[in-house]
Amino acid sequence: MSAPHLTSVESDLPDLESLLLAQKKAALADPMPDHATRIRRLDKLQNVILDNRARMIAAASKDFSNRAAAETELGEILPLLDGIGYYRKRLGKFMKPQRRHASLTVMPARVEVRYQPVGVVGIVVPWNFPFFLGLSPLIGALAAGNRAMIKTSEFAPASGDLLKEMMAEIFTEDEVTVVTGGVEVATEFTKLPFDHLVFTGSTQVGKIVMKAAADNLTPVTLELGGKSPAIIHEDFPLDEAASRIGFGKGFNAGQICVSPDYVLCPRDKVNAFTAAYQDAMTKAYPSLRNNDDYTGIITDRQQARLEGYLKDAEEKGAEIIRINPQGEAFDGTRKMPLTLVLGATDDMLVMQEEIFGPILPVIPYDTLDDALAFVHARPRPLALYYFDWNKGRADDVLARTHSGGACINDTLSHVGSDDIPFGGVGPSGMGHYHGEEGFRTFSKAKGVVRKGKFNSTAMVAPPWGNFMYKQLMLLQKMRFRKRKIS
Ligand code: NAD
């Protein structure tokens, strides 16, 4: 096997195969890292995050042209530290083999499940939370005893370079390694025979990635996107709804996979909600152009995409309300005002594509059943937000809808809750990480039966028709009778 190196002599592509081989070899040499080793890795991760806090904030801000420091703190650094603390506390419990029931046919035996590291985990990162979406899967992977290769996004290069530097400082290349690069690198990366692949990105690219992984039968966790609805019940106070939904839309200028994509609002309350939303957003962001609290759009291309949605909606008859309290001009900047779209229809791009920016269509509905029917008629979303103080009704909405996750009377906060799984459903993704589910995702649950010196199998083994076999069949007849179906 050739020695791992970052850049091959022949091309600019990193030598991905050598990197993976080195990691697989190291995983074979230490197949079941003990508790102390895993904690040491998590602690190193914690320290490097704490040491680089200011640099992470600066790098993300550079990538976005401006990113509020508080957003990098709350959306990247804090949930990473929380995630490390979560596994630090529970790792011993998660790692323990679980004793399971021994069925009649295997008795006497000890039956258990062992959670074994899968080996090497590949992690593909999008640009919108360039640290959190690389390191959060890494935390789960390391806790479960794995090694990992991370591919950063070409659209957040300053963050990607810093992540690479941070990981190289604390891990050897055969423990954790970061590769940077564009689609060419990403394509080769996702073709590698990882033991598990976590892809976070668009649904469209997710399909390509799953096909590439299928060639190796590599299991995938796909963290994708979609249009996450926010439904306001008619009894819910509109100023509350506006500020809670607005928080989820203003954060990172709406460039979040779980940002509320559109609002379903009782028809007679659309005007009042529109006013309350403008009011809430004006209070949160009294100015935009030079306001460091308000994040820019990641690239000119993304900005043009979002402007294109607005132009398309306007041309097709929608009303566009740009919330621009100072009446500022944004030419030459990547800032874009929070914008409401009224009268959006299905033939508009803004209702066809995931928005992933500061635009919010408000769709009127007549009855709650109509609102749910609107959601059911569309692909299953990554998140669903429902605003209602009535617990029974909220439970009913949760039971009647499918979404990756959900918040009642809030937005975004389920992602930062470290003890619940995070993941999509259908076109918004598959599989989970975070919490205990994350540990299990990155572990092989190996079922093990351990027999002792007494060989019960020999007593029922051929020649068939022996006494023990007959007893077993008799017992089986007594245990399994046809049931009356009510
Ligand atoms: P993207 O799909 O364009 O890119 C994501 C990653 O995939 C990047 O690292 C990119 O280099 C790589 N990539 C691009 N083309 C590829 C190919 N052909 N083969 C393999 N890899 C390829 O997504 P993006 O624009 O970076 O991020 C925005 C999308 O990500 C949105 O749809 C958003 O909803 C989604 N997202 C989902 C989550 C989640 O947790 N579910 C979180 C953040 C973002």
Side-chain angles (χ1 to χ4, degrees), residues 13-14 16 63-64 75-76 79 83 122-137 140 149-157 159-160 163-164 178-192 194 197-215 218 220-228 248 251-261 297-299 301-303 305-306 352-357 379-384 403-405 412 414-416 420-434 438 441:
L13 278 182
L16 299 172
D63 285 331
F64 281 89
E76 314 230 36
I123 301 170
V124 181
V125 191
W127 48 261
N128 65 326
F129 286 92
F131 297 105
F132 179 67
L133 295 170
L135 298 184
S136 184
M149 289 174 61
I150 302 174
K151 150 74 181 75
T152 62
S153 168
E154 60 274 37
F155 298 114
S159 304
L163 192 71
K164 183 169 174 163
V178 176
V179 292
T180 55
V183 177
E184 208 187 353
V185 175
T187 303
E188 292 310 312
F189 188 90
T190 49
K191 284 183 190 161
L192 294 173
F194 290 112
L197 179 61
V198 183
F199 169 80
T200 306
S202 58
T203 299
Q204 192 189 358
V205 177
K207 289 180 188 173
I208 301 171
V209 169
M210 194 167 170
K211 279 188 191 137
D215 280 342
T218 294
V220 288
T221 300
L222 299 179
E223 300 287 345
L224 310 177
K227 293 182 81 63
S228 299
F251 204 99
N252 215 30
Q255 300 163 104
I256 314 182
C257 55
V258 289
S259 184
D261 191 274
I297 303 301
I298 190 80
T299 57
R301 209 172 128 224
Q302 290 291 335
Q303 193 166 9
R305 175 183 66 84
L306 292 163
Q352 291 168 353
E353 305 289 335
E354 175 184 3
I355 292 173
F356 216 62
R380 291 175 171 179
L382 185 58
L384 183 139
S403 58
L412 314 185
H414 61 301
V415 187
I420 53 176
F422 177 68
V425 55
S428 59
M430 65 177 70
H432 302 102
Y433 67 114
H434 294 181
T441 288

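Not measured: the values here are computed from a predicted model. When a ligand or atom number is given, it counts from 1 through the structure's own listing order.
No part of F155 comes within 4.0 Å of ligand 1, judged by heavy-atom distances. Contacts between F129 and ligand 1, counted as non-hydrogen atom pairs separated by less than 4.0 Å, are absent for every part of the residue. For V124, every heavy-atom contact with ligand 1 shorter than 4.0 Å involves the side chain, none the backbone. If you look at Q204 next to ligand 1, there are no close heavy atoms at all, none under 4.0 Å. When heavy-atom distances to ligand 1 are checked against a 4.0 Å cut-off, F199 comes that close only through its side chain, counted from C-beta outward.
The main-chain N or O of V425 is found under 3.5 Å from a side-chain atom of S428 such that the two form a donor-acceptor pair. Counting only distance, with no hydrogens or angles, the side chain of Q255 and the backbone of N252 share a donor-acceptor pair below 3.5 Å. A donor-acceptor pair under 3.5 Å is absent between the side-chain atoms of S259 and the main chain of D261, judged by distance alone. With S403 contributing its side chain and P381 its backbone, the two residues share no donor-acceptor pair below 3.5 Å. No donor-acceptor pair closer than 3.5 Å links the side chain of T190 to the backbone N or O of V209. Formation of a donor-acceptor pair under 3.5 Å by the R305 side chain with backbone atoms of I355 is found in this model. Checking side-chain atoms of T221 against main-chain N and O of V198 turns up no donor-acceptor pair under 3.5 Å. No donor-acceptor distance shorter than 3.5 angstrom exists from the side chain of E354 to the backbone of G225, with no hydrogens or angles considered.
Looking only at protein heavy atoms, the nearest one to atom 27 (O) of ligand 1 is P126 CB, 3.4 Å. Of all protein heavy atoms, the one closest to atom 42 (C) of ligand 1 is C257 SG, 3.0 Å. Protein heavy atom nearest atom 40 (O) of ligand 1, with residue, atom name and distance: F422 CE2, 3.2 Å. Protein heavy atom closest to atom 31 (C) of ligand 1, with residue, atom name and distance, is E354 OE1, 3.6 Å. Distance from atom 24 (P) of ligand 1 to its nearest protein heavy atom, with residue and atom name: W127 NE1, 3.5 Å.
For a threshold of 3.5 Å applied to N or O pairs, the pair formed by K151 and ligand 1 contains at least one separation below that value. Residue-to-ligand polar distances place L224 within reach of ligand 1: an N/O pair is separated by less than 3.5 Å. Note: an N/O pair closer than 3.5 Å links S202 and ligand 1 by distance alone. Ligand 1 has no N or O atom lying under 3.5 Å from any N or O atom of S428, backbone or side chain. Remark: ligand 1 and Y433 share no N or O pair separated by less than 3.5 Å (distance only, no angle test).
With atom 14 (C) of ligand 1 as the reference point, the heavy atom nearest to it among V415, V205, I208 is part of V205. The nearest non-hydrogen atom to atom 12 (C) of ligand 1, considering only A186, S136, A212, comes from A186.
Every atom of ligand 1 is numbered from 1 in the order shown, and the set under 4.0 Å from a heavy atom of V209 is 20 (C). Less than 4.0 angstrom separates some heavy atom of V125 from each of these atoms of ligand 1: 6 (C), 8 (C), 9 (O). The distance from ligand 1 to the heavy atoms of T200 drops below 4.0 Å at these ligand atoms: 5 (C), 37 (C), 38 (C), 39 (C), 40 (O), 42 (C), 43 (C). Ligand 1 places these atoms under 4.0 Å from at least one heavy atom of T190: 20 (C). Residue-ligand proximity, L133 to ligand 1, at heavy-atom distances under 4.0 Å covers atoms 42 (C), 43 (C). Within ligand 1, counting atoms from 1 as listed, the ones closer than 4.0 Å to a heavy atom of N128 are 43 (C), 44 (C). Under a 4.0 Å criterion applied to the non-hydrogen atoms of E223, ligand 1 contributes the atoms 37 (C), 38 (C), 39 (C), 40 (O), 41 (N). Atom numbering of ligand 1 starts at 1 in the shown order; those under 4.0 Å from a heavy atom of T152 are 9 (O).
The local environment of CD in E184 is sparse, with at most 12 non-hydrogen atoms from other residues, nucleotides or ligands closer than 6.0 Å.
Closest non-hydrogen pair, L163 versus V178, comes out as O-CG2, 4.1 Å.
Using bins of under 30°, 30° to 60° and over 60° for the plane-to-plane angle, the ring pair F422/Y433 lands in the perpendicular bin. The aromatic rings of F356 and W127 sit perpendicular to each other, their planes meeting at more than 60°, with 30° as the lower class boundary.
Closer than 4.0 Å to atom 4 (O) of ligand 1 lies none of the heavy atoms of the protein.
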| request: Under the side-chain contact (heavy atoms from CB on, under 4.5 Å) rule, what do D63 and I298 come out as? Steps first, then yes or no, please. | output: CA-CA 6 Å; D63 285 331; I298 190 80; 4.1 Å; yes

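Taking E353 as the reference, Y309, L349 meet the side chain to side chain contact (heavy atoms under 4.5 Å, CB included) condition, with sequence neighbours excluded.
For the atom pair T180 OG1 and K164 NZ, the distance stands at 4.0 Å (nearest 0.5 Å).
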